[in-house]
Amino acid sequence: MSIFASPVQVQLLNNPNILRDYILPIASILISFGTFCWTIWNNHRNKSKIKLDVAVSFTASGIDLSDNNYLTIKAIQVGQSGRDTVTSMGLRMKTRENTLQQIPRPGDISTPLPVTLSAAEVATLYFPLAGIAEQCVNNQIDPNDLYPFATTVLGSVKGKMTKLTIEMIHNEINRITGTRNSN
């Protein structure tokens with residue numbers, strides 16, 4: 001009696017399975033790509049972002065309104081999270097490298113700088129319109145060339161002047177120079 005056996009040959013048949021071979025790999029690629037895009041979007045959304053708003057304001061004491069108008073620059077932290085430190089705010093000129101800045105003093109109504117802003121916090125700088133108009137007259141600056149800026153630890157932010165604020169500066173210039181509105 002012989003112990004030797006003949007070799008057995010096994011053949012695996014590859015029956016195509018549409019779910020396993022096509023749909024699941026494509027679905028896993030799409031889910032991975034979607035997760036990657038969501039992660040990038042979520043991280044970008046959570047970063048610190050500063051937005052500048054410009055308005056004209058005035059002071060009031062009780063029922064009395066003052067004659068002093070102010071250009072108000074607000075730096076608002078609009079990011080979902082994160083922190084940023086505003087180190088300076090003011091007005092820059094499009095045509096020159098000069099800046100108009102007012103440094104908040106103790107007792108001033110402006111936010112002392114530098115200031116760290118978390119989500120939804122605001123730093124405000126009040127410029128007397130008469131002071132801006134005086135600088136425009138003395139240095140031959142066109143108010144249309146001015147734009148607000150804020151310098152932060154993470155970079156610089158540029159804002160936009162509204163038509164009303166430019167018109168108010170022009171009116172103040174006309175009051176100082178004694179001329180009529182020529183806009």
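Nothing here was measured: the structure is a model prediction, and the numbers come from that model. The figures that follow rest on heavy atoms only: side chains count, while hydrogens, waters and symmetry mates do not.
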How long is the straight-line distance from [atom2] of [Y] back to [atom1] of [X], given to the nearest 0.5 Å?
| X | Y | atom1 | atom2 | result |
| --- | --- | --- | --- | --- |
| I31 | L24 | CD1 | CG | 9.0 Å |
| L91 | D145 | CG | CG | 12.0 Å |
| S57 | Y70 | OG | OH | 8.0 Å |
| T179 | N174 | OG1 | CG | 4.0 Å |
| L129 | M168 | CG | CE | 5.5 Å |
| S28 | I23 | OG | CD1 | 12.0 Å |

- Query: Just by distance, with hydrogens left out, do T162 and T165 show a side-chain donor and acceptor under 3.5 Å apart?
  - Reply: yes
- Item | T87 versus T151, side-chain donor and acceptor atoms under 3.5 Å |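 T87 and T151 do not have a side-chain donor-acceptor pair below 3.5 Å.
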Do the side chains of [X] and [Y] join up, straight or via other hydrophobic residues, at under 4.5 Å, putting them in one cluster?
| X | Y | answer |
| --- | --- | --- |
| V78 | L154 | no |
| L164 | F127 | yes |
| V157 | M93 | yes |
| V54 | V122 | no |
| L52 | V115 | yes |

Backbone N or O of [Y] within a donor-acceptor pair of the [X] side chain at under 3.5 Å?
| X | Y | answer |
| --- | --- | --- |
| T124 | T111 | no |
| D142 | N144 | yes |
| Q135 | I132 | no |
| N42 | W38 | no |

- Relative to F149, does R92 satisfy both conditions: NZ or CZ under 6.0 angstrom from the six-membered ring centre, and within 45 degrees of the ring's axis? yes
- Message: Is the positively charged end of K158 above the ring of Y147, judged by distance under 6.0 angstrom from the centroid and angle within 45° of the axis?
- Response: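 Yes - K158 lies over the ring of Y147, closer than 6.0 Å to its centre and within 45° of its axis.
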Minimum-distance pair of heavy atoms, taken over all atoms of [X] and [Y]:
| X | Y | value |
| --- | --- | --- |
| L146 | M161 | O-CG, 3.2 Å |
| R83 | S118 | NH1-OG, 3.4 Å |
| A150 | V86 | CB-CG1, 4.5 Å |
| I166 | P143 | CG1-O, 4.1 Å |
| L113 | M89 | CD1-N, 3.9 Å |

- Apart from L30 itself, which Ile, Leu, Val, Met, Phe, Trp or Tyr residues share its cluster (side-chain heavy atoms under 4.5 Å, direct or through members)?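 Other cluster members: I26.
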- Query: So which of V153, L117, T116 actually passes side chain to side chain contact (heavy atoms under 4.5 Å, CB included) with D84?
  - Reply: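 Filter result, single survivor: V153.
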- Side chains of T72 and K74: does their closest heavy-atom pair fall under 4.5 Å? yes
